[in-house]
Amino acid sequence: MRHIQKVRAAAVALALAAALAACGDAGDDSDEGADVEVQENAADEFDDGTRMKELADSGSVIIGVKYDQPGIGFKGATDDMPVGFDPEIGKILAADLGIAPEDITWKETISDNREPFLQNGEVDLVIASYSITDERRAVVGQAGPYYVTGQQLLVKSDSDIDSLDDVKGTEVCSVTGSTSLENIEAEGAKPRGFDTYSECVDQVLNGRVDAMTTDGAILLGYAAQNPDQLKVVVDPFSEERYGVGYSQDHPEMCEWITDTIEDAQEDGAWAEAFEATLGKSGVDTPEPPAMDECPAA
């Protein structure tokens with residue numbers, strides 16, 4: 001039985017659109033994130049030669065996350081660490097290695113460099129709204145899904161776009177390398193890719209593109225930042241299954257990631273992470289998704 005040390009992981013709660021509508025004090029930055037349980041003597045629990053043993057022995061881990069997705073992964077210019085559901089999942093995994101939140105090295109990761117970061121060993125894990133696909137699993141490992149969402153549209157408040165039929169022939173942006181661009185092109189739109197989501201939001205705000213598309217949870221965060229100028233429209237038209245990326249050089253990480261997240265789902269840590277981040281939107285905490293089986297070693 002492992003001995004457990006409670007650590008309070010400070011996090012700024014970012015309000016989403018539903019929270020702004022629901023109550024006036026939503027998004028109070030005095031709110032804290034979830035507790036994580038940092039395992040003592042964690043290295044003793046892993047087999048020699050595994051990447052988990054190496055990380056536990058080193059006492060540090062590098063995790064790639066987004067810095068520009070309110071509620072999912074966000075880091076302001078003066079923030080010490082990123083906040084959001086993805087960083088909370090990262091803290092849960094690091095804690096199982098005996099690594100406290102303050103010992104995690106966070107690396108900003110955009111959609112287009114997630115595979116290179118893992119392949120080149122620049123990060124140990126990628127937890128960055130990283131939708132699981134067969135194409136990605138051909139070149140990197142993806143354990144999950146730890147969260148499921150769906151693609152929607154972000155438009156200006158006075159936009160006439162309110163259905164997928166309305167995007168045919170219009171310019172719709174997202175980030176380069178994302179599945180969102182492929183999906184919206186299939187709906188007849190003209191896709192435009194940018195390096196970051198914030199660039200894409202700016203293009204919508206200044207009228208250079210007609211809409212932005214990505215996962216609905218992300219879009220709500222941007223709408224909350226600009227409630228008089230932006231709105232989220234259309235029902236979800238895709239299923240995005242977020243996974244934790246790891247290098248195929250270390251296939252043993254899949255079972256560890258899967259087991260750790262399943263434990264968090266069972267003991268309530270997953271729900272606490274959701275409620276401390278995306279749950280601030282006022283939405284109900286969903287049932288955690290079932291995790292995929294890991295590929296045979």
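For this chain, numbers begin at 1 and follow the sequence in order. Atoms considered below: every heavy atom in the structure, side chains included; atoms not considered: hydrogens, waters and symmetry mates.
When the side chain to side chain contact (heavy atoms under 4.5 Å, CB included) test is applied to E122, the partners found at least two apart in sequence or on another chain are K107, F117, N120. Under the side chain to side chain contact (heavy atoms under 4.5 Å, CB included) criterion, S247 pairs with D249, H250, not counting sequence neighbours. Y242 is linked by a ring-ring contact (aromatic ring centres under 6.0 Å, His included) to Y147, counting only residues two or more places apart in sequence or in another chain.
One finds the OG1 atom of T213 at 9.5 Å from the CD atom of E187 (value rounded to the nearest 0.5 Å). A distance of 10.0 Å separates CE of M291 from OH of Y146, quoted to the nearest 0.5 Å. Note: C254 SG to E293 CD = 10.0 Å, rounded to the nearest 0.5 Å. With values rounded to the nearest 0.5 angstrom, I127 atom CD1 is found 7.0 Å from I261 atom CD1.
Using a 4.5 Å cut-off on side-chain heavy atoms (C-beta onward), Q248 and Q119 make no contact. The shortest side-chain heavy-atom distance between E45 and Q39 does not fall under the 4.5 Å cut-off. F46 is listed as a side-chain neighbour of L97, based on a closest heavy-atom distance under 4.5 Å. Put simply, the side chain of I110 does not reach to within 4.5 Å of the side chain of T176, judged on heavy atoms. Put simply, the side chain of D210 does not reach to within 4.5 Å of the side chain of S159, judged on heavy atoms. Counting only heavy atoms from C-beta outward, the side chains of I257 and L93 approach each other to under 4.5 Å. Two residues are said to be in side-chain contact when any heavy atoms from C-beta on lie closer than 4.5 Å; V83 and K75 fail this criterion. You'll find the side chain of L153 reaches within 4.5 Å of the side chain of V167, heavy atoms only.
Electrostatic pairing of K190 and E171 does not count as a salt bridge here, judged by no charged N lying under 4.0 Å from a carboxylate O. One finds no salt bridge joining D228 and K156 here, because no Lys/Arg side-chain nitrogen approaches an Asp/Glu carboxylate oxygen to under 4.0 Å. Between D124 and R51, at least one side-chain nitrogen of the basic residue sits less than 4.0 Å from a carboxylate oxygen of the acidic one, meeting the salt-bridge criterion.
Contact detail for G59 and D103: the closest heavy-atom pair is O-CB, 3.7 Å. Annotation for Q265 and P289: closest pair NE2-O, 3.2 Å, computed over non-hydrogen atoms. What you find for A217 and I72 is that their closest heavy atoms are CB-CD1, 4.2 Å. Taking each heavy atom of P87 and W106 in turn, the nearest pair found is O-CH2, 3.5 Å.
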**OP:** Kindly determine whether S180 and E182 satisfy side-chain hydrogen bond (donor to acceptor under 3.5 Å, both in side chains), including the steps that lead there.
**Re:** CA-CA 5 Å; S180 298; E182 300 171 11; over 6 Å; no

Subject >> Evaluation steps, salt bridge (charged side-chain N to carboxylate O under 4.0 Å, His left out), between R208 and D202 >> reply: CA-CA 9 Å; R208 291 197 177 98; D202 288 343; over 6 Å; no

**OP:** Would you sort out whether S111 and K66 count as a side-chain hydrogen bond (donor to acceptor under 3.5 Å, both in side chains), showing the intermediate values?
**Re:** CA-CA 8 Å; S111 292; K66 296 286 183 68; 3.1 Å; yes

**OP:** I would like to know whether E240 and Y130 meet side-chain hydrogen bond (donor to acceptor under 3.5 Å, both in side chains); could you show each step before the answer?
**Re:** CA-CA 9 Å; E240 305 299 327; Y130 197 13; over 6 Å; no

Original post:
Does the pair T285 and E275 meet the rule for a side-chain hydrogen bond (donor to acceptor under 3.5 Å, both in side chains), with working shown?
Top reply: CA-CA 7 Å; T285 302; E275 289 157 8; 3.1 Å; yes

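No hydrogens or angles considered: nothing links the side chains of E255 and T258 as a donor-acceptor pair under 3.5 Å.
Here W270 and F85 bring their ring centres to under 6.0 angstrom of each other.
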